[in-house]
Amino acid sequence: MSSINVTDTDGIRVLQFNRPEKLNALNLEMYQQLNLALHAGDDDEQIRAFLICGTPHCFTAGNDIGDFLSSESLDAEHPAIKFLFTLLDLKKPLIAAVSGPAIGIGTTMLLHCDLVFADTTAEFQLPFVDLALVPEAGSSMLLPKIMGYQRAAELLLTGERFSAMQARGYRIINEVIDDEELLAHSMSKAKLIAAKSSTTVQQTKALMKPWRTQLRQHMQLELTCFEKRLQSDEAKQVFQQFLLKQ
């Protein structure tokens, strides 16, 4: 069974993380599947929007640490790095439905989504400093832009978890939805957008992001710092302790 379920319905490509036994932690194979599904959908005229979600009460626990560390270099061909820039370059709207934990990349990927809905069980965290790492996915630029520097600093420097209601107040998500209505509500919004002129929707999305070139440069800078930290003795010790606990 695939760890990424891809389903096309009424012009919506639904991508579901499906590795519940590992809290939907993203491994390299899952990143490869996501990249293929997103690129193919972006080029398919029948697909007009994307919806990304997890399993009930679990969006994703972030990267699969052991699998992530097995790769040699975080270059442009690394599946996780490709995914980050795929999100940046995606032409068509991306909607997220978040239930349960959304940790690390589970939170930062939401900053590239066009609409984000969460249920009351959703819980977010940006634990990069705790892992002796720096932020990724452009989050060190996007979070201050979205919510102001002090609030972003609180989330990134403390690594504390925060709730769906807090995430709404921070403007990371659009709305908190009742648990049983989350997917239906998110799908209805995706269908509403998909029913409109695809060209106009894509142009409008592009026009709202005039800073994309700057963000791309900032993401590259983050990755340079991230890779250096990943190779540091401090980070290696943190990850070794983490893996021993599993």
Side-chain angles (χ1 to χ4, degrees), residues 2-8 12-19 22-44 47 49-54 59-96 98 102-114 116 126-128 131 133-143 202 205-206 209 211-231 235 239:
S2 174
S3 295
I4 300 290
N5 290 339
V6 180
T7 308
D8 295 341
I12 312 300
R13 174 156 292 182
V14 180
L15 302 102
Q16 181 193 37
F17 306 136
N18 186 36
R19 199 186 178 208
K22 295 291 186 179
L23 298 178
N24 294 332
L26 299 173
N27 59 26
L28 301 184
E29 181 182 358
M30 292 169 73
Y31 279 121
Q32 290 170 341
Q33 293 171 4
L34 287 167
N35 289 328
L36 288 172
L38 287 168
H39 280 292
D42 225 22
D43 293 335
D44 187 342
I47 302 301
F50 299 97
L51 174 63
I52 194 164
C53 61
F59 188 63
T60 173
N63 283 311
D64 183 313
I65 298 298
D67 191 67
F68 189 79
L69 293 176
S70 68
S71 56
E72 295 181 358
S73 176
L74 295 181
D75 58 23
E77 296 304 310
H78 191 287
I81 306 310
K82 279 189 173 183
F83 177 67
L84 298 183
F85 287 95
T86 295
L87 293 179
L88 175 65
D89 293 330
L90 205 64
K91 299 188 298 288
K92 296 176 182 177
L94 175 61
I95 294 92
V98 182
I103 310 301
I105 185 65
T107 294
T108 59
M109 75 169 70
L110 304 177
L111 305 178
H112 294 272
C113 294
D114 300 288
V116 183
L126 299 158
F128 301 106
L131 297 171
L133 299 174
V134 297
E136 34 84 317
S139 56
S140 60
M141 174 181 165
L142 291 172
L143 285 170
Q202 291 177 42
K205 172 175 175 171
K209 297 183 176 182
W211 32 260
R212 186 176 295 179
T213 299
Q214 182 186 3
L215 179 57
R216 182 185 305 279
Q217 294 171 347
H218 191 80
M219 288 171 66
Q220 294 284 6
L221 176 61
E222 282 182 338
L223 287 171
T224 298
C225 297
F226 189 99
E227 186 163 25
K228 288 180 180 178
R229 292 303 305 153
L230 194 62
Q231 299 302 323
F239 286 126

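Just so you know, these numbers use all the heavy atoms, side chains as well, and skip hydrogens, waters and symmetry mates. Sequence positions, counted from 1, serve as the residue numbers for this chain. Quick caveat: nothing in here was measured; it's all calculated off a predicted structure.
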For His39 against Thr86, the heavy-atom pair lying closest together: NE2-OG1, 3.0 Å
Show your working on side-chain contact (heavy atoms from CB on, under 4.5 Å) between Ile4 and Gln32 and close with a plain yes or no. CA-CA 10 Å; Ile4 300 290; Gln32 290 170 341; over 6 Å; no
Using only heavy-atom distances, determine whether the side chains of Gln33 and Ser2 contain a donor-acceptor pair under 3.5 Å. yes
What are the two closest non-hydrogen atoms of Ile95 and Ala49, and how far apart are they? CD1-CB, 4.4 Å
Taking atom CG of Leu131 and atom CG of Leu230, what is their separation to the nearest 0.5 Å? 10.0 Å
Side-chain heavy atoms of Glu222 within contact of Ser140, under 4.5 Å: yes
Side-chain (Asn35) to main-chain (Pro79) donor-acceptor, under 3.5 angstrom: yes
Side chains of Phe226 and Ile81 in contact at under 4.5 Å (non-hydrogen atoms): no
Rounded to the nearest 0.5 angstrom, the CG-SG distance for Asn5 and Cys53 is 8.5 Å
Which pair of non-hydrogen atoms, one from Thr108 and one from Glu136, has the smallest distance, and what is that distance? OG1-OE1, 2.8 Å
Taking His112 for its side chain and Ala137 for its backbone only, find out whether a donor-acceptor pair lies under 3.5 Å. yes
Check: Ala37 main-chain N/O paired with Arg13 side-chain donor or acceptor under 3.5 Å: yes
Which atom names give the shortest non-hydrogen contact between Thr60 and Gly106, and what distance separates them? CG2-CA, 3.5 Å
Would you give the length of the straight line joining atom CD of Gln16 to atom OG1 of Thr7, rounded to the nearest 0.5 angstrom? 7.5 Å
Just by modelled atom types, is the Phe59 backbone N or O under 3.5 Å from a matching donor or acceptor in the Asn24 side chain? yes
Which residues satisfy the ring-ring contact (aromatic ring centres under 6.0 Å, His included) test with Phe83, sequence neighbours excluded? Tyr31
What I want to find out is whether Asp42 reaches Lys92 closely enough, with some N-O distance under 4.0 Å, to be called a salt bridge. no
So do the side chains of Leu126 and Leu143 get within less than 4.5 Å of each other, counting heavy atoms only? yes
Hey, mind stepping through Lys22 and Asp64 against salt bridge (Lys or Arg N to Asp or Glu O under 4.0 Å) and telling me if it holds? CA-CA 8 Å; Lys22 295 291 186 179; Asp64 183 313; over 6 Å; no
Determine the minimum heavy-atom distance between Leu34 and Ile52, stating which atoms define it. CD2-CD1, 4.4 Å
Does NZ in Lys228 sit with more than 12 non-hydrogen atoms of other residues, nucleotides or ligands closer than 6.0 Å? no
List for me each residue that meets side chain to side chain contact (heavy atoms under 4.5 Å, CB included) alongside Leu23, sequence neighbours excluded, and say none if there are none. Cys58, Ala61
Can you name the nearest heavy-atom pair linking Gly41 to Ile47, along with the distance? O-CB, 3.5 Å
Test item: Asn27 and Arg19 side chains (from C-beta on) under 4.5 Å apart, heavy atoms: yes
Answer whether the closest heavy-atom distance between the side chains of Met219 and Leu142 falls below 4.5 Å. no
Enter the distance from Leu87:CG to Ile105:CD1 here, rounded to the nearest 0.5 Å. 7.0 Å
Heavy-atom side-chain proximity of Lys205 to Leu90 below 4.5 angstrom: yes
Is there side-chain contact between Phe50 and Ile12, with at least one heavy-atom pair below 4.5 Å? no
When you look at Lys209 and Leu88, which way does the side-chain contact (heavy atoms from CB on, under 4.5 Å) test go after all the steps? CA-CA 10 Å; Lys209 297 183 176 182; Leu88 175 65; over 6 Å; no
